[in-house]
Amino acid sequence: MWRDLAPIGRDAGSQGYRRYAWSGADLECRDWFRAQVEARGMVYETDRNGNQWGWAGDPGGADAVVVGSHLDSVPDGGAFDGPLGVVSSFAALDELRRRGAEFTRPVAVTNFGDEEGARFGLACVGSRLTAGQLTRAQAHALRDGDGVPLPRAMETAGYDPDAIGPDPERLGRIGAFVELHVEQGRALDLTGDPVGIASSIWPHGRWRFDFHGEANHAGTTRLADRRDPMLSYAETVLAARREAALAGALATFGKVAVEPNGVNAIPSLVRGWLDSRAADQATLDTVVTAIEAAAHEHAERAGVDLRVVRESFTPVVEFAHGLRDEVGRILGGKLPVLGTGAGHDAGILSGSIPTAMLFVRNPTGVSHSPAEFAAEDDCVAGVLALADVLEGLACT
């Protein structure tokens with residue numbers, strides 16, 4: 001499975017992945033998913049939001065146990081973020097069949113669409129729509145960097161954008177969702193454990209900072225006469241790092257757009273996107289408020305207009321303690337329990353259904369990069385852990 005999936009969407013230059021929602025690479029991944037489902041004699045379906053499902057048992061049955069993750073990527077992302085969870089889910093089913101296990105509850109593997117938000121700027125679109133955290137109108141208003149609206153991208157890919165929306169009936173049939181994911185940090189590497197259990201997801205969000213200045217000639221405009229939004233933006237980037245360090249939080253300006261984007265032109269607009277995360281809501285609020293205050297101060301000093309828009313936000317997610325404790329019991333009660341600053345579909349769905357997560361060790365601690373890595377032995381340990389969890393939840 002890993003060998004078949006690995007070449008899809010891989011950039012020859014960076015060796016990273018570019019599997020953006022509804023793109024050709026994404027459709028190839030979707031074809032791969034469907035082939036895996038059908039090869040196992042499972043029932044395949046795509047829901048109204050473009051999420052894919054493979055069912056072992058009755059798709060209309062109640063109290064289902066669902067496993068899976070996503071297959072899309074960030075720009076030049078790593079091989080493991082998302083795909084490891086999907087591949088491991090199929091491998092766990094194969095392991096249970098080898099054991100001769102018989103399900104007493106419906107079981108499904110899922111691939112949630114557009115988890116990374118790399119193309120349209122909003123993470124977890126597929127699960128947000130399903131959980132009713134994103135309306136059809138809001139989704140239809142999303143545009144990619146080339147101005148292509150989400151509905152047109154879905155139509156081009158062969159999906160119906162007018163069908164999207166909340167899916168409470170489907171969620172009502174799910175008794176538990178367990179997502180396996182490569183760890184996006186080094187906590188497990190430091191403890192020496194191949195597998196861990198998630199406790200919570202830090203609150204996090206994305207904010208867009210629009211600095212409007214005045215375009216002018218870089219070679220003829222005196223420094224004193226400039227209204228250069230790039231200076232205000234640069235000061236804000238430094239302020240974000242400073243405020244995050246003071247609060248023990250995280251703040252990153254990882255995306256920027258400049259107009260007119262000429263080497264010999266002073267920009268008229270610099271638009272930067274802030275990603276900020278913290279262990280609790282109060283700390284996150286403190287950091288973002290301080291960054292905004294610094295941005296306004298620097299913009300006013302430079303004669304630049306500033307607009308800040310919160311584009312997305314996810315509050316702290318405490319995974320269902322009952323399910324988390326049951327997963328821990330099934331796995332022997334000795335695995336480390338750790339929090340994470342990364343968002344996941346399991347976090348979005350946690351407000352609607354019981355969810356849990358397993359992490360597989362990443363010795364590099366690097367994620368969203370081609371350097372992301374998990375050793376084969378650790379991946380196998382993750383598969384066996386997921387198989388044990390499925391057996392404990394769905395075969396009793």
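Nothing fancy with the numbering, it's 1 onward along the sequence. What you see is a predicted model; the values in this text were computed from it and never measured.
The distance between the ring centers of W22 and Y159 falls below 6.0 angstrom. Aromatic ring centroids of F112 and F177 lie under 6.0 Å apart. Side-chain rings of Y233 and F253 approach one another, their centers coming within less than 6.0 Å. A centroid separation of less than 6.0 Å is found between the aromatic rings of F80 and W2.
Considering only heavy atoms from C-beta on, L188 stays 4.5 Å or farther from N362 through its side chain. Considering only heavy atoms from C-beta on, D388 comes within 4.5 Å of R99 through its side chain. With a 4.5 Å cut-off on side-chain heavy atoms, V109 and F33 count as touching.
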- Message: Between D325 and R329, is the salt bridge (Lys or Arg N to Asp or Glu O under 4.0 Å) condition met? List the steps.
- Response: CA-CA 6 Å; D325 293 345; R329 184 195 65 77; over 6 Å; no

- Test R18 against D76 for salt bridge (Lys or Arg N to Asp or Glu O under 4.0 Å), laying out the working first. CA-CA 6 Å; R18 300 178 181 181; D76 291 328; 2.7 Å; yes

- After noting the C-alpha distance and the side-chain angles of D305 and R307, does the key distance pass the salt bridge (Lys or Arg N to Asp or Glu O under 4.0 Å) rule? CA-CA 7 Å; D305 296 323; R307 181 180 181 226; over 6 Å; no

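Donor-acceptor pairing under 3.5 Å is lacking for the side chains of H70 and D345. Residues E372 and S369 have side chains that never bring a donor and an acceptor to within less than 3.5 angstrom of each other.
Under a 4.0 Å N-O distance rule, the pair D275/R277 qualifies as a salt bridge. A salt bridge between E95 and R98 is present, with a side-chain N of the basic residue lying under 4.0 Å from a carboxylate O of the acidic one. Of the charged side-chain nitrogens involved, none lies within less than 4.0 Å of a carboxylate oxygen, so that D162 and R136 do not count as a salt-bridged pair. Ion pairing of R119 with D144 is present here, as a side-chain N (NZ or NE/NH1/NH2) and a carboxylate O approach within less than 4.0 Å.
The local environment of CZ in R241 is sparse, with at most 12 non-hydrogen atoms from other residues, nucleotides or ligands closer than 6.0 Å. Within a 6.0 Å sphere centred on CD of E311, heavy atoms belonging to other residues, nucleotides or ligands number more than 12. Counted within 6.0 Å of CZ on R143, heavy atoms from surrounding residues, nucleotides or ligands total more than 12; the atom is thus considered enclosed.
Under the 6.0 Å distance and 45° angle rule, R170 counts as a cation-pi partner of W53.
One finds the CZ atom of R173 at 7.5 Å from the CG atom of D167 (value rounded to the nearest 0.5 Å).
Between the side chain of S23 and the backbone N or O of R19 there is no donor-acceptor pair closer than 3.5 Å.
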